[in-house]
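Working notes, structure below.
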Protein chains: 2
Amino acid sequence: MMNFKQFKKKYQLKDSELFAEFYDLFEETIDIKNRNIAVDKLAIIINATFKLSASQSFSNMSLRQLSDETQISMGGLYAYIKNKQQLSLYIHQFLNHFAENIMIQVDISDDYQTLENTIKSHIYLSEIMQPWFFFAFMESKNLNKEQKKYAIQSELMMENKIMQAISKGQELKIYSNTLSPKTMATHIKPLLHDWYLKRWKYKQRKINIEEFCFSVMAFLNHGISLPHTLNE
Amino acid sequence: MMNFKQFKKKYQLKDSELFAEFYDLFEETIDIKNRNIAVDKLAIIINATFKLSASQSFSNMSLRQLSDETQISMGGLYAYIKNKQQLSLYIHQFLNHFAENIMIQVDISDDYQTLENTIKSHIYLSEIMQPWFFFAFMESKNLNKEQKKYAIQSELMMENKIMQAISKGQELKIYSNTLSPKTMATHIKPLLHDWYLKRWKYKQRKINIEEFCFSVMAFLNHGISLPHTLNE
DNA sequence: GTCAATATCGAACGAACGTTCGATATTTAT
DNA sequence: ATAAATATCGAACGTTCGTTCGATATTGAC
């Protein structure tokens, strides 16, 4: 399993690359024909959406604010998005697309390492795509059922991967079977969310991502109990 | 430490009692003079607010919807609330008031039990006040700094109680000191949130509140590792 | 340099919002 | 029974919202 530095080098794209993928994914619903122009402006629009949605909520962000922030007129915006709701859906869907592509590459060859690999990959991924994860988490509750189906696929995939890793581990007597894999996965998920939901808190406390991973794994392995009880 | 049945009997109030407390707390800012009328209508208004805010968000709930749901006219509503923002603040502040009163009673006489008592009390409390907790969690991000100060006092008190219990436990070598009390508290909090944020999920899986408490404590004590390693 | 294609603009529209307020209904006190 | 106090009503006001669209500016092809 690579560390964050290696992960970042392999997967983190520049805006010009990231939003080129974005444009290609939604090309047929975007009015702008010129790929270079579209990629630049999409980066501006989506990043402004993140900024404005973070300080209020997406539904409280008005398209006039977005127009001000991006320096693109109201009519201009509508060349890039079909409507406001679609803008939110684009973000969910692209994150889903991007995340699935990465999580599918997690190394599951070693049963003793699968869970840690999965968890670290998720944390690393949520770091390089922090605004996306933050947005998706905050706004997912405002999606209707049909939209949710398309938006949180990777979220479910993630949960499944954790469950399977635990399930296999329980079979091999690596992990406790006091709790079901589903219950354990349920308890683990919010630990991971904390990294991208409360990033400022960890920055302020000067806890870097590797320390955070260690912390999560330590808690996950022993809870609050004293570790290595056998050796004492 | 009592179980949930005992807790419920001791602390769960009927609407007529709960909103009487509510009315008394905010009496001077409510136009209605008749206490009985006010208590009845406040129960209707607040409960309708919970219902409408759950299916959308509070800021997406319009006062016209609230008027429809409560069968109280627009003008009528404004006899009970100063404005829409105040309604949200009332809910935060009352929950704060109510929660603090209960959490202050948690038994901390036995260092080996303090953490479990605190956690169970919080879970029990969040059960009998579920809509309040759900609302407060979802809407707290929309409060400005000044409002937050008044609204999340009990939340911080809760976190402090957990930290202190762990800190004391570390001193007494009950708990591992691999992680700081603050970090552990940070990891524990979302475990507790899950109960009131995803209640339908636990209902569906037929996990009752005592089972949930056991599950949280089990995870918290051993993580995913095999328990009782010494005895094997 | 011209013309067609593309990109951008911002005023305008109807709908929905929070809030107000004078009119009306109901309750309470005498 | 009457008057004063209290509670309720809903139309109306000014704003802001998402969205549209004809006009204008910019770009690319020949």
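Chain letters run A, B, ... following the sequence lines, proteins first, then strands; residues in each count from 1.
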Item to check | Pairs satisfying ring-ring contact (aromatic ring centres under 6.0 Å, His included), at least one member in residues 49-70 of chain A, at least two apart | outcome: A:Phe50-A:Trp132, A:Phe50-A:Phe135, A:Phe58-A:Phe135

Donor-acceptor contacts, no H, no angles, side chain residues 86-95 of chain A, under 3.5 Å, sequence neighbours left out:
residue: A:Tyr90; atom: OH; partner: A:Thr29; partner atom: OG1; Å: 2.5
residue: A:His92; atom: ND1; partner: A:Ser88; partner atom: O; Å: 3.0

Checklist entry - A:Glu127 pairs by salt bridge (charged side-chain N to carboxylate O under 4.0 Å, His left out) with which of A:Lys203, A:Arg199, A:Lys5? => result A:Arg199

Checklist entry - For the rings on B:Tyr124 and B:Phe4, is their centre-to-centre separation under 6.0 Å? => result yes

Checklist entry - Can you check the B:Asp68 CG to C:dC17 P distance for me, whole Å? => result 10 Å

Might you list the N or O atoms of the protein lying below 3.5 Å from N or O atoms in nucleotides 2-7 of chain C, with each pair's distance?
residue: C:dA7; atom: OP1; partner: A:Lys33; partner atom: N; Å: 3.0
residue: C:dA7; atom: OP1; partner: A:Asn34; partner atom: N; Å: 2.5
residue: C:dA7; atom: OP2; partner: A:Lys33; partner atom: N; Å: 2.7

Next on the checklist: With a 6.0 Å cut-off (strictly less than), is the heavy-atom count around NZ of A:Lys141, excluding the residue itself, greater than 12?
Outcome noted: yes

Item to check | Pair B:Glu27-B:Arg35, salt bridge (charged side-chain N to carboxylate O under 4.0 Å, His left out): steps then yes or no | outcome: CA-CA 9 Å; B:Glu27 189 184 355; B:Arg35 194 164 182 265; over 6 Å; no

Item to check | All side-chain contact (heavy atoms from CB on, under 4.5 Å) counterparts of A:Lys10, not counting sequence neighbours | outcome: A:Met2, A:Gln105

Item to check | ring-ring contact (aromatic ring centres under 6.0 Å, His included) contacts in which one or both residues fall within residues 63-87 of chain A, not counting sequence neighbours | outcome: none

For nucleotides 14-18 of chain D, which of its nitrogen or oxygen atoms have a protein nitrogen or oxygen under 3.5 Å away, and what is each distance?
residue: D:dG18; atom: OP1; partner: A:Met61; partner atom: O; Å: 3.4
residue: D:dG18; atom: OP1; partner: A:Lys84; partner atom: NZ; Å: 2.9
residue: D:dG18; atom: OP2; partner: A:Leu63; partner atom: N; Å: 2.8
residue: D:dG18; atom: N7; partner: A:Arg64; partner atom: NH1; Å: 2.8
residue: D:dG18; atom: O6; partner: A:Arg64; partner atom: NH2; Å: 2.6

Checklist entry - Nearest-Å distance, CG (A:Leu77) to P (C:dA11)? => result 15 Å

